[in-house]
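So the structure is just underneath, and the comments pick up after that.
In what follows, every chain begins at residue 1, and chains take the letters A, B, ... in the order their sequences are listed.
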2 protein chains.
Amino acid sequence: MSTPAETERKRRMPRAERERQMMAVAEEIFAERGYQATGMDEVAERCGVSKPMIYEYFGSKEGLLVACVRHARGQLATATTEAVIGATGPRDALRRGLVAFFRFTDAHRRAWSLVLRNEAAVAGAAAAAEVEAIRQEQVDIDIALLSTFLPDAPRTDLEAAAQIVVGACERLSLWYVSRDDITAEQAADHLMRVLWTGLAALVAPSTAG
Amino acid sequence: MSTPAETERKRRMPRAERERQMMAVAEEIFAERGYQATGMDEVAERCGVSKPMIYEYFGSKEGLLVACVRHARGQLATATTEAVIGATGPRDALRRGLVAFFRFTDAHRRAWSLVLRNEAAVAGAAAAAEVEAIRQEQVDIDIALLSTFLPDAPRTDLEAAAQIVVGACERLSLWYVSRDDITAEQAADHLMRVLWTGLAALVAPSTAG
DNA sequence: GGTCAACCTTACTCGAAGTAGGTTACTTGC
DNA sequence: GCAAGTAACCTACTTCGAGTAAGGTTGACC
């Protein structure tokens with residue numbers, strides 16, 4: 001009516017800022033409704049912008065999803081690699097990495113659900129490849145970690161072990177975020193106990209702790 | 001020309017048979033191109049039938065996918081539960097289950113890719129729920145297995161361990177099907193070594209936990 | 001040989017992804 | 001201050017595929 005300038009959000013904004021806004025909005029709606037059920041018109045509307053702008057910046061609906069996933073990927077890789085720095089030994093390094101991973105999935109559960117629930121697969125090849133790249137990155141980190149204290153192990157064994165760790169992490173993080181009574185440290189401890197000590201120790205504990 | 005009856009496929013067929021054919025065709029095309037890129041017209045054409053028939057029998061595109069996934073789910077549950085019967089102990093039971101799982105994913109890799117690559121998530125809530133039901137079924141089997149030889153363990157510990165096993169299985173099976181030089185038994189052994197014995201034993205084989 | 005149900009088709013609607021082409025507002029040089 | 005250029009933006013459209021309405025065909029059974 002009179003002066004909407006005060007409450008009204010800035011109409012025009014530079015491309016980089018608008019792109020960040022679009023990704024944030026898309027991430028939220030994708031996580032909320034799923035990729036398929038999300039309409040580009042809705043994303044545009046919530047950005048206070050019209051649809052062709054998104055296509056100008058991201059090319060396609062899949063392109064928008066890829067951008068969201070790539071963003072999360074960068075954050076995760078940074079968080080986990082930094083966490084391992086300064087570990088006192090292999091066991092500590094593994095545990096630090098796991099805690100960082102669970103903390104990350106908890107803090108970014110919205111964004112992360114895109115990867116965990118694998119929305120990318122339905123979107124197309126590019127999106128699927130982006131998600132697979134995240135897992136491969138984690139596998140590579142684990143292989144590097146394992147090879148430092150298992151220098152003589154065959155490459156195949158390292159790969160298999162790394163895949164196991166990544167798969168267990170992914171699944172356990174879904175379980176973890178669905179429960180409010182578990183902390184990231186506890187989730188990491190559960191995983192450490194199985195991965196490091198093995199189930200055999202749980203079945204026949206020498207000392208009834 | 002003269003007698004097309006011989007080479008020509010049967011035009012009309014009973015509903016149950018047609019449904020099975022549709023599911024087989026859909027499973028193949030979904031696995032080949034992905035859910036999104038698959039058109040219902042194409043599925044219909046490959047069945048030698050028109051599109052409304054699929055809608056008559058499965059209701060929607062998502063319904064068709066759900067039927068495919070549910071089919072695979074039944075087969076997997078049967079295969080793994082049967083494999084565990086007659087095991088000589090907890091360790092043997094776990095290993096038998098794992099071998100059965102990897103054999104299944106290898107034999108049905110087309111169908112299984114629908115689940116592993118999580119095409120269901122993009123399809124909608126019903127399909128996602130169906131896939132999640134598969135995982136939950138496997139988790140329940142593992143919990144039952146673990147609880148028989150860990151009667152005093154807290155429920156939370158059993159759940160966490162089961163989630164870890166399922167996640168590791170899933171990821172390792174993707175790795176396994178991409179490599180021709182690994183057998184189901186070898187994949188199961190890799191997983192058994194980590195899950196049962198633990199990584200610590202690999203790091204320091206001299207110390208027996 | 002008629003009738004009823006199951007199987008099947010043609011020809012449509014509708015909604016959402018993606019696009020063509022024009023418009024508005026901010027910056028920059030004078 | 002003010003024209004020129006450009007970056008941000010919009011309206012109105014096309015296209016393509018999921019889903020549907022209404023009716024045609026075949027065969028089993030009396």
**Study point:** Minimum-distance nucleotide (side-chain atoms of B/Ser50 versus D/dG24, C/dT10, D/dC10)
**Key:** C/dT10
**Study point:** Within 6.0 angstrom of B/Arg110 CZ, more than 12 heavy atoms from elsewhere
**Key:** no
Check your understanding: How close or far is atom P of C/dA16 from atom CG of A/Leu64, stated in whole angstroms?
Key -> 17 Å
**Study point:** Option from A/His190, A/Arg171, A/Glu170 for which side chain to side chain donor-acceptor pair (under 3.5 Å) with B/Gln163 holds
**Key:** A/Arg171
**Study point:** Whole angstrom value for the distance that separates P of D/dT11 from CG of A/Asp41
**Key:** 12 Å
Review point. Of all the nucleotides listed (C/dC8, C/dA20, C/dT24), which has the minimum atom distance to the side chain of A/Pro52?
Key: C/dA20
Check your understanding: Any side-chain donor-acceptor pair under 3.5 Å between A/Arg135 and A/Gln138?
Key -> no
Review point. At under 4.0 Å, does any side-chain N or O of B/Arg18 touch on OP1 or OP2 of C/dA6?
Key: no
Check your understanding: Hey, does the side-chain of B/Arg12 have a donor or acceptor N/O within less than 3.5 Å of a partner on the base of C/dC7?
Key -> yes
Practice item. Salt-bridge test for B/Arg46 and B/Glu28: reply yes if a basic N is under 4.0 Å from a carboxylate O, no otherwise. Key: yes
Check your understanding: Between A/Glu27 and A/Arg70, does at least one N-O distance fall below 4.0 Å, as a salt bridge requires?
Key -> no
Check your understanding: What is the distance from CD of B/Gln36 to P of C/dA16, rounded to the nearest Å?
Key -> 13 Å
Review point. Is B/Lys51 salt-bridged to B/Glu45, going by a charged N under 4.0 Å from an acidic O?
Key: no
Check your understanding: For DNA chain C, what residues of residues 53-61 of chain A have any heavy atom nearer than 4.0 Å?
Key -> A/Tyr55, A/Ser60, A/Lys61
Practice item. Rounded off to whole Å, could you give me the CD-to-C1' distance for the A/Glu45 and D/dC9 pair? Key: 16 Å
Review point. Can you tell me how far C1' of C/dT19 sits from CE of A/Met40, to the nearest Å?
Key: 13 Å
Check your understanding: Under the criterion side chain to side chain donor-acceptor pair (under 3.5 Å), which of A/Arg103, A/His108, A/Arg109 is the partner of A/Asp106?
Key -> A/Arg109
Check your understanding: Between A/Glu17 (CD) and C/dC26 (C1'), how many Å, whole number?
Key -> 15 Å
Point to revise | Options C/dA17, D/dA18, D/dC9, nucleotide nearest the side-chain atoms of B/Lys51 | key: D/dA18
